[in-house]
**Q** 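What follows is a single structure, and I will ask about it in a moment.
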Amino acid sequence: KVRYISKGETKDLTPNKDGIYTIKDIHSDVTIKIGITEGEKVNSTDKNGITWEYTYKDGKATNVRYENGELTEKVEIPSTLNGFEVVNVERKVLSGYKYINIFNGEDSDIVEEIILPENLTTIGNYAFYNCNNLKEIVIGNKLESIGYEAFYRCEKLTEIIIPSSITKIEQKAFEECRNLTDIYVENKKENITLGNYWSSGATVHYTGCTHTIEEEILEEGLSIETVSGNIEDGRIKCRNTYSFKIDKILDENNYKDYF
């Protein structure tokens with residue numbers, strides 16, 4: 001990427017067919033800038049005419065969010081932007097503590113289906129906050145974390161499949177998802193940390209469970225000690241036979257689940 005800066009204004013340069021860049025009306029204060037610097041915010045337009053803003057960090061596109069363009073019912077977030085792999089999506093901060101989702105708030109009303117990049121590792125805080133009409137989200141197999149209130153009030157979501165790569169889900173990730181009845185967590189090979197009230201009352205299915213799982217959960221203010229075999233305690237269900245131990249709750253007012 002080649003840009004020139006003149007009188008505080010930055011413009012992208014496009015080469016001709018021979019790869020030659022031309023600058024017209026040069027002033028003495030022109031600066032030529034080649035490449036993207038660490039931490040720089042950059043815009044990139046995808047094949048569908050949607051412009052995305054991202055922050056360049058460690059050779060990756062991070063904090064990706066919608067900037068402008070015509071959104072449709074089905075949105076596919078690009079796997080790369082300017083050739084850089086997209087690894088996380090993040091909400092916008094308007095002012096103070098006020099946040100909006102990655103689609104600029106009201107712009108998200110049209111979105112019903114989202115396809116995330118295969119290499120995405122993080123769904124950030126408030127990423128899909130108040131996406132009222134979101135019915136389906138496709139998550140790749142490298143997702144590691146889901147942020148605080150990431151899917152808050154996605155009222156038309158009925159189920160979600162979370163891959164085995166997940167290691168952390170922050171509190172209230174699915175808060176106020178009133179029609180979310182089923183969350184599928186694929187077989188785990190390592191521990192996962194779950195924040196308070198993350199599942200918003202949905203039934204959690206641990207699919208393909210063939211190993212011992214240690215959990216800490218709260219049910220009517222009491223901790224469950226030991227369960228073996230197929231279980232269903234009102235919130236947690238497993239399709240396959242397994243056993244796990246429930247440790248006692250240390251702080252019932254600020255507890256977390258671990259398995």
**Q** Between E170 and K168, is the closest basic N to carboxylate O distance under 4.0 Å?
**A**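 Looking at K168 and E170, the cut-off is met.
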**Q** Using modelled atom types and a 3.5 Å cut-off, is there a donor and acceptor pairing between side-chain atoms of T72 and backbone atoms of K74?
**A**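 Such a contact is found between T72 side chain and K74 backbone.
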**Q** Do the non-hydrogen side-chain atoms of I100 and Y126 ever get within less than 4.5 Å of each other?
**A**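 Result no, sub-4.5 Å side-chain heavy-atom pair not found.
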**Q** Locate the shortest heavy-atom distance separating P117 from P78; write the atom from each residue and the value.
**A** CG-O, 3.3 Å
**Q** Specify the closest pair of heavy atoms between S165 and L143, including all atoms of both residues, with the distance to one decimal.
**A** OG-O, 2.6 Å
**Q** Start with the C-alpha gap between S79 and V86, add the side-chain angles, then the distance that decides, and say whether side chain to side chain contact (heavy atoms under 4.5 Å, CB included) holds.
**A** CA-CA 5 Å; S79 58; V86 172; 5.9 Å; no
**Q** Is the ring centre of Y56 less than 6.0 Å from the ring centre of F84?
**A**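 Here the rings of F84 and Y56 have centres that are less than 6.0 Å from each other.
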**Q** Rounded at 0.5 Å granularity, tell me how far CG in L116 sits from CD1 in I123.
**A** 5.0 Å
**Q** Are the side chain of N133 and the backbone of D109 linked by a donor-acceptor contact shorter than 3.5 Å?
**A**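 Between the backbone of D109 and the side chain of N133 there is a qualifying donor-acceptor contact (under 3.5 Å).
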**Q** Verify, without hydrogens or angle tests, whether T121 (side chain) and V87 (backbone) share a donor-acceptor contact under 3.5 angstrom.
**A** yes
**Q** Examine distances only and state if a side-chain atom of S108 and a backbone atom of C131 form a donor-acceptor pair shorter than 3.5 Å.
**A**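 Side chain of S108 to backbone of C131, a donor-acceptor pair under 3.5 Å: no, none is there.
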**Q** When you check the gap from the basic side-chain N to the acidic O, do E144 and K142 get nearer than 4.0 Å?
**A** no
**Q** Can you tell me if T158 and N179 form a side-chain donor-acceptor pair at under 3.5 Å?
**A** no
**Q** Does the N101 side chain pair with the main chain of F128, one donor and one acceptor, at a distance under 3.5 Å?
**A**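 Checking the backbone N and O of F128 against the side chain of N101, no donor-acceptor pair under 3.5 Å is found.
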**Q** Given N104 and Y66, is the side chain to side chain contact (heavy atoms under 4.5 Å, CB included) satisfied, shown in steps?
**A** CA-CA 7 Å; N104 295 331; Y66 163 83; 3.4 Å; yes
**Q** Mind listing the closest non-hydrogen atom pair of D58 and E38 along with its distance?
**A**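 Looks like N-OE2, 2.9 Å.
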**Q** Ignoring hydrogens and angles, tell me if any N or O in the side chain of E53 forms a donor-acceptor pair with the backbone of V64 under 3.5 Å.
**A** no
**Q** I'd like to know if the side chain of T62 and the backbone of K57 have a donor-acceptor N/O pair within less than 3.5 Å.
**A** no
**Q** I need the E67 CD to I50 CD1 distance, nearest 0.5 Å.
**A**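 Nearest 0.5 Å value for the CD-CD1 distance: 11.5 Å.
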**Q** Just so I know, are the side chains of K156 and L134 near enough to count as touching, which here means a heavy-atom distance under 4.5 Å?
**A** no
**Q** Where do E76 and D46 come nearest, in terms of heavy atoms and distance?
**A**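 Looks like O-OD2, 4.4 Å.
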**Q** Between R153 (side chain only) and F151 (backbone N and O only), is there a donor and an acceptor less than 3.5 Å apart?
**A**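 Not at all, since once roles are kept as given, no pair shorter than 3.5 Å links the two residues.
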**Q** Distance check, rounded to the nearest 0.5 Å: K135 atom NZ versus E159 atom CD?
**A**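 Here the interatomic distance stands at 14.0 Å.
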**Q** Over all heavy atoms of both residues, which pair between E136 and L157 is shortest? Give the atoms and the distance, please.
**A** N-CD2, 4.0 Å
**Q** One pair to check against side chain to side chain contact (heavy atoms under 4.5 Å, CB included): T80 and N82. What are the steps and the verdict?
**A** CA-CA 6 Å; T80 61; N82 293 335; over 6 Å; no
**Q** Just how far is it from atom CZ of R65 to atom CD1 of I77, taken to the nearest 0.5 Å?
**A** 12.0 Å
**Q** Sub-3.5 Å donor-acceptor pair from the side chain of N63 to the main-chain atoms of Y54, do we have one?
**A**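 No.
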**Q** Ignoring hydrogens, what is the shortest heavy-atom contact between Q171 and Y148? Give both atom names and the distance.
**A** O-CD1, 3.2 Å
**Q** If we only count heavy atoms from C-beta on, is the F103 to V75 side-chain gap below 4.5 Å?
**A**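 A side-chain contact under 4.5 Å exists here.
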**Q** Apply the side chain to side chain contact (heavy atoms under 4.5 Å, CB included) test between I139 and each candidate in I161, L120, I166, I160; give the one that qualifies.
**A**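 Among I161, L120, I166, I160, the one that satisfies the side chain to side chain contact (heavy atoms under 4.5 Å, CB included) with I139 is I160.
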**Q** Using 0.5 Å steps for rounding, measure from the CG atom of L81 to the CH2 atom of W52.
**A** 8.5 Å
**Q** Going from NZ on K60 to CG on N119, what distance comes out if it is rounded to the nearest 0.5 angstrom?
**A** 7.5 Å
